[in-house]
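Below: one structure, written as structure tokens.
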Amino acid sequence: MRASQFFISTTKEAPSEAELVSHKLMLRAGLIKRLGSGLYTWMPLGLRVLRRVEAVVREEMNRAGAIELLMPAVQPAELWEESGRWAVFGPQMLKIKDRHQRDFCFGPTHEEVITDVARREIKSYRQLPVNFYQIQMKFRDEIRPRFGVMRAREFLMKDAYSFHASRESLVDTYNTMYDAYGRVFTRLGLKFRAVAADTGAIGGSGSHEFHVLADSGEDLLAYCPDSDYAANVELAEALAPTGARPAPAEPMREVDTPKQTTCEDVAALLGIPLARTVKLVAYVAGEHMAVALVRGDHEVNEVKLGKLPSMADLRLASEAEIREAFACPPGFLGPVGLDRTKIRVIADRSVAAMADFVCGANKPKFHLAGVNFGRDLPEPDVVADIRNVVPGDPSPDGKGTLALCRGIEVGHVFQLGNKYSQAMNATYLDEAGKSQTMEMGCYGIGVSRIVAAAIEQNHDERGIIWPQAMAPFLLVIVAIGYGKSDMVKTAADSLYADLTATGFDVLLDDRDERPGVMFADAELIGIPHRVTLGERGLKEGVVEYQPRRAHAGQSGEAQKIALADATAFLTGVMEG
RNA sequence: CGGGGUGUAGCGCAGUCUGGUAGCGCGCCUGCUUUGGGAGCAGGAUGUCGGAGGUUCGAAUCCUCUCACCCCGACCA
């Protein structure tokens, strides 16, 4: 591609709306343009990157035995009513009406449609297992779109759905997909981690998320450096403390805490470790109030809490509800003296093992110290793991301690089981001629999100540094004075022709720009390899090669190459 | 939805408090010079000041309403 015939629109400054590096760089490099909140045009350069990611995903899906199809983006409401998700999915789903006032949605996911395909097409166990996938634009009306294409409302996703005659077959395909995902992210040159995950609204049992590791990631991951344990903190188990609860040693007493409304403040005032305090968080589940007790240095995990019996639809209690139930403002709440017929007390395992702790007194400006279960208040109604793990917690697999890192979720694999097949009556005849419900799995990859995630992981102060597999162009030929110097033009055209003939995606920068502009653009756009041709070098018969980033066998510095050797050298470099 | 903020040229911003008819940088156009790291000089174009209504002799500026976008919290690839 010649730059003069392509469309490059770079800027020095990023629009102020961009927060994340990847978002800024994507806008500055002219990969995307914003149309509305969470809606982006993929400009020619950006589209090339998107297509590269797509190609790798497609190749690995095909290799793993998945079969590509393409389902409608717009789906009739009836299907969603069958699965029961029309109401459940909520405002996240963009609902639309056609001219006959019939309800449709712009597909946020395709379990319903694919299950409909399966139930119509699959009659016999002989047709199973089968794994369909598509790469398609989805729309989810996100509560808060942000970070450009990282959390856009319209986004490109690869979604695969497998159907099985047995649980074993499902697990088998699940493992195949898990491995394929690893290959996809490895080929894309990303540092990633697969973690055990919560299944969320989609439902099902076994589930793993694939995360690109980045400090800007929205997810917190727990992993064990000494083993292969890794899980989203939503799921990561905080083991119960070992050893029995100590016997009470202190009397319960009130302490003045005129301004101390947080555990941190109270601990500081009393000069005790934060881990000696207990914090109370009030929730409403259904009609009833429930309070979660965690240590002052811990945080409540609402995913875990929501899995406890009759806690499914929990929400934080409002301040008004708290004042009514406790006759006390937030900041001084505690578990002592509560009416247990109205308020359930759910304690984290670590709290249940505490003695002589400090907590709110349910009385403005006072806390209690030396509090003990069994003596000062009844034992908790429920003791469970309801907190987020923290660094240093023992690993649930018993092999060392946990560390935390942040990640960007770019892939998710689920064993769905028969949730959709049952609701939508997707059955087949088994060997005995008996009707059976299919087992299902589903497997997603956020294709457009990967582009942003890759930039988060691969950039410097000058711009993007594309991993080779997703670069819009592998090499840029910077031809200085292309329009002025026949020597440069001839050499550049010839090199470009040779390299293009070998099948590489090469950008020839033949624009009438100053060298600085061309260098700066090449670096901002992130093209992995650059060769510079100018009269100065050509007179000595040399060109200059410089990688965008130092990598194996190459330094980051420029090196002079004889023009005669350039094609062979550059070919070698691009083949990696 | 709750809390905070911003809308002025293609982009980044000043001007708003204290009303007087819009400016800076980048970009864009023309010419000359320049040509290995985002050029210099000279000239030029561009705004319904987010929208509607009001106050006023006069509104980017004050008032009311509205829309859009962004940031912080609850969802997800």
Side-chain angles (χ1 to χ4, degrees), chain A residues 9-20 23-24 27-28 30 33-39 53 57 89-93 108-110 135-160 181 197-202 209-212 218-219 232 234 283 302-303 306 314-316 318-319 407-414 442-453 462-463 478-485 488 512-524 530 532-538 543-544 546 558:
Chain A
S9 71
T10 55
T11 60
K12 287 187 196 174
E13 286 173 306
S16 52
E17 75 206 36
E19 199 76 0
L20 232 52
H23 189 192
K24 285 183 188 158
L27 290 167
R28 283 192 52 210
K33 299 282 175 191
R34 196 184 71 88
L35 178 63
S37 179
L39 301 172
V53 177
V57 170
F89 220 90
Q92 175 126 248
M93 188 154 67
T109 179
H110 281 71
I135 299 177
Q136 192 207 35
M137 281 293 178
K138 300 262 190 280
F139 189 97
R140 292 185 192 171
D141 202 349
E142 291 285 343
I143 294 168
R144 188 146 86 85
R146 59 184 136 175
F147 307 144
V149 298
M150 188 79 84
R151 179 177 296 281
R153 294 197 291 178
E154 192 177 287
F155 59 99
L156 191 65
M157 179 170 169
K158 186 285 300 178
D159 46 329
Y181 275 36
D198 184 57
T199 49
I202 297 180
E209 291 167 350
F210 287 77
H211 288 263
V212 166
E218 293 184 89
D219 282 276
N232 196 306
E234 287 178 348
Y283 290 91
E302 294 188 1
V303 172
L314 87 179
R315 63 173 174 81
L316 273 174
S318 68
E319 183 162 343
I408 300 165
E409 186 184 359
V410 290
H412 203 155
V413 292
F414 288 92
C442 80
Y443 321 91
I445 289 183
V447 176
S448 45
R449 178 180 281 183
I450 285 175
V451 176
R462 295 182 175 188
V478 175
I480 296 171
Y482 182 89
K484 306 244 165 48
S485 160
V488 170
D512 184 21
E513 288 287 356
R514 301 178 64 83
V517 172
M518 294 196 274
F519 291 141
D521 275 353
E523 282 155 357
L524 175 59
R530 182 177 90 197
T532 305
L533 277 65
E535 279 203 327
R536 207 174 70 187
L538 289 175
V543 298
E544 187 182 283
Q546 185 160 25

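Just so it is clear: chains get the letters A, B, ... in the order the sequence lines come, proteins before strands, and each one is counted from 1. Side-chain atoms are counted along with the backbone in the values below, which use heavy atoms only and exclude waters and symmetry mates.
- Contact of A/Arg144 with B/G2 (side chain to base): no donor-acceptor pair of N or O atoms is detected under 3.5 Å.
- The interatomic distance linking A/Leu316 (CG) with B/G73 (P) rounds to 14 Å, in whole Å.
- Considering only residues two or more places apart in sequence or on other chains, A/Arg146 meets the side chain to side chain contact (heavy atoms under 4.5 Å, CB included) condition with A/Arg144, A/Arg151, A/Glu218.
- When heavy atoms are screened at a 4.0 angstrom cut-off, A/Asp159 is found touching no nucleic acid atom at all.
- Distance, A/Gln136 CD to B/A77 C1': 13 Å, rounded to whole Å.
- Pairing for B/G43 goes to B/C29, judged as Watson-Crick or G-U wobble with the two contacts each under 3.5 Å.
- Atom CZ in A/Arg315 sits roughly 16 Å away from atom C1' in B/G73 (whole-Å rounding).
- The shortest distance between the side-chain N/O atoms of A/Arg151 and the OP1/OP2 oxygens of B/C76 is not below 4.0 Å.
- Taking only distance into account, the side chain of A/Glu544 meets the base of B/G36 through a donor-acceptor pair shorter than 3.5 Å.
- Pairing for B/U16 is absent, with no Watson-Crick or G-U wobble pair whose two atom distances lie under 3.5 Å.
- Mapped onto RNA chain B by nearest heavy atom, A/Arg146 and A/Gln92 fall at different nucleotides, with A/Arg146 at the one closer to the 5' end.
- Note: A/Leu156 CG to A/Arg449 CZ = 13.0 Å, rounded to the nearest 0.5 Å.
- Only the C1' atoms considered, B/C67 is 30 Å distant from B/G25, to the nearest whole Å.
- The distance from atom CD1 of A/Ile143 to atom P of B/G2 is 14 Å, rounded to the nearest whole Å.
- Annotation: side chain of A/Arg34 is not in contact with side chain of A/Pro15 (no heavy-atom distance under 4.5 Å).
- Within 4.0 Å (heavy atoms only), A/Gly534 reaches at least one base atom of the nucleic acid.
- In the set B/A77, B/G38, B/G36, the nucleotide with an atom closest to the side chain of A/Val517 is B/G38.
- In this structure, A/Leu524 places its CG atom 18 Å from P of B/G37, rounding to the nearest Å.
- No side-chain heavy atom of A/Ile480 sits under 4.5 Å from any side-chain heavy atom of A/Val488.
- The nucleotide B/A22 finds no pairing partner, because no Watson-Crick or G-U wobble arrangement with both distances shorter than 3.5 Å includes it.
- Residue A/Glu142 is classed as a base contact, given a heavy-atom separation below 4.0 Å to a base.
- Between the A/Arg28 side chain and the A/Lys12 main chain, a donor and an acceptor come within less than 3.5 Å of each other.
- Here B/A77 presents its C1' atom at 14 Å from NE2 of A/His110, a figure rounded to the nearest Å.
- A/Glu523 comes within 4.0 angstrom of a nucleotide base, judged by non-hydrogen atoms across all strands.
- In this structure, A/Asp141 places its CG atom 12 Å from P of B/C1, rounding to the nearest Å.
- Phosphate proximity of B/C76 to A/Arg449: absent, as no side-chain N or O sits under 4.0 Å from OP1 or OP2.
- Using a 4.0 Å cut-off, some side-chain N or O of A/Ser37 falls inside it from OP1 or OP2 of B/C70.
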Notebook entry, point to check: Hey, mind stepping through A/Arg530 and A/Gln546 against side chain to side chain donor-acceptor pair (under 3.5 Å) and telling me if it holds?
Noted result: CA-CA 5 Å; A/Arg530 182 177 90 197; A/Gln546 185 160 25; 2.8 Å; yes

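- A/Ala152 comes within 4.0 angstrom of a base, heavy atoms only.
- Side-chain proximity of A/Arg514 to B/A39, B/G36, B/C70: nearest is B/A39.
- Comparing B/C76, B/C75, B/C70 against the side chain of A/Glu17 picks out B/C70 as the nearest.
- Atom CZ of A/Phe139 and atom C1' of B/A77 are 15 Å apart (whole Å).
- For B/G37, its base sits under 3.5 Å from the side chain of A/Arg530 at one donor and acceptor pair at least.
- A/Arg153 comes within contact range of no nucleotide atom at all, as no heavy-atom separation falls under 4.0 Å.
- Here B/G37 is the nucleotide among B/G38, B/G37, B/A77 with the atom lying nearest to any side-chain atom of A/Arg462.
- Checked for salt-bridge contact, A/Glu535 and A/Lys484 miss the test: no charged N lies under 4.0 Å from a carboxylate O.
- Residue side chain A/Glu513 does not reach the base of B/G38 through any donor-acceptor N/O pair under 3.5 Å, judged by distance alone.
- When distances are taken from the side chain of A/Arg34 to each of B/G36, B/C70, B/G37, the shortest belongs to B/C70.
- In this structure, A/Phe155 counts as stacked on the base of B/A77 under the 5.5 Å centre distance and 30° plane angle limits.
- Applying the Watson-Crick and G-U wobble criteria (two distances, each under 3.5 Å), B/C75 pairs with nothing in any strand.
- Partner assigned to B/G53 is B/C63, using Watson-Crick or G-U wobble distances below 3.5 angstrom.
- Base-pair partner of B/U6: B/A68 (Watson-Crick or G-U wobble, both distances under 3.5 Å).
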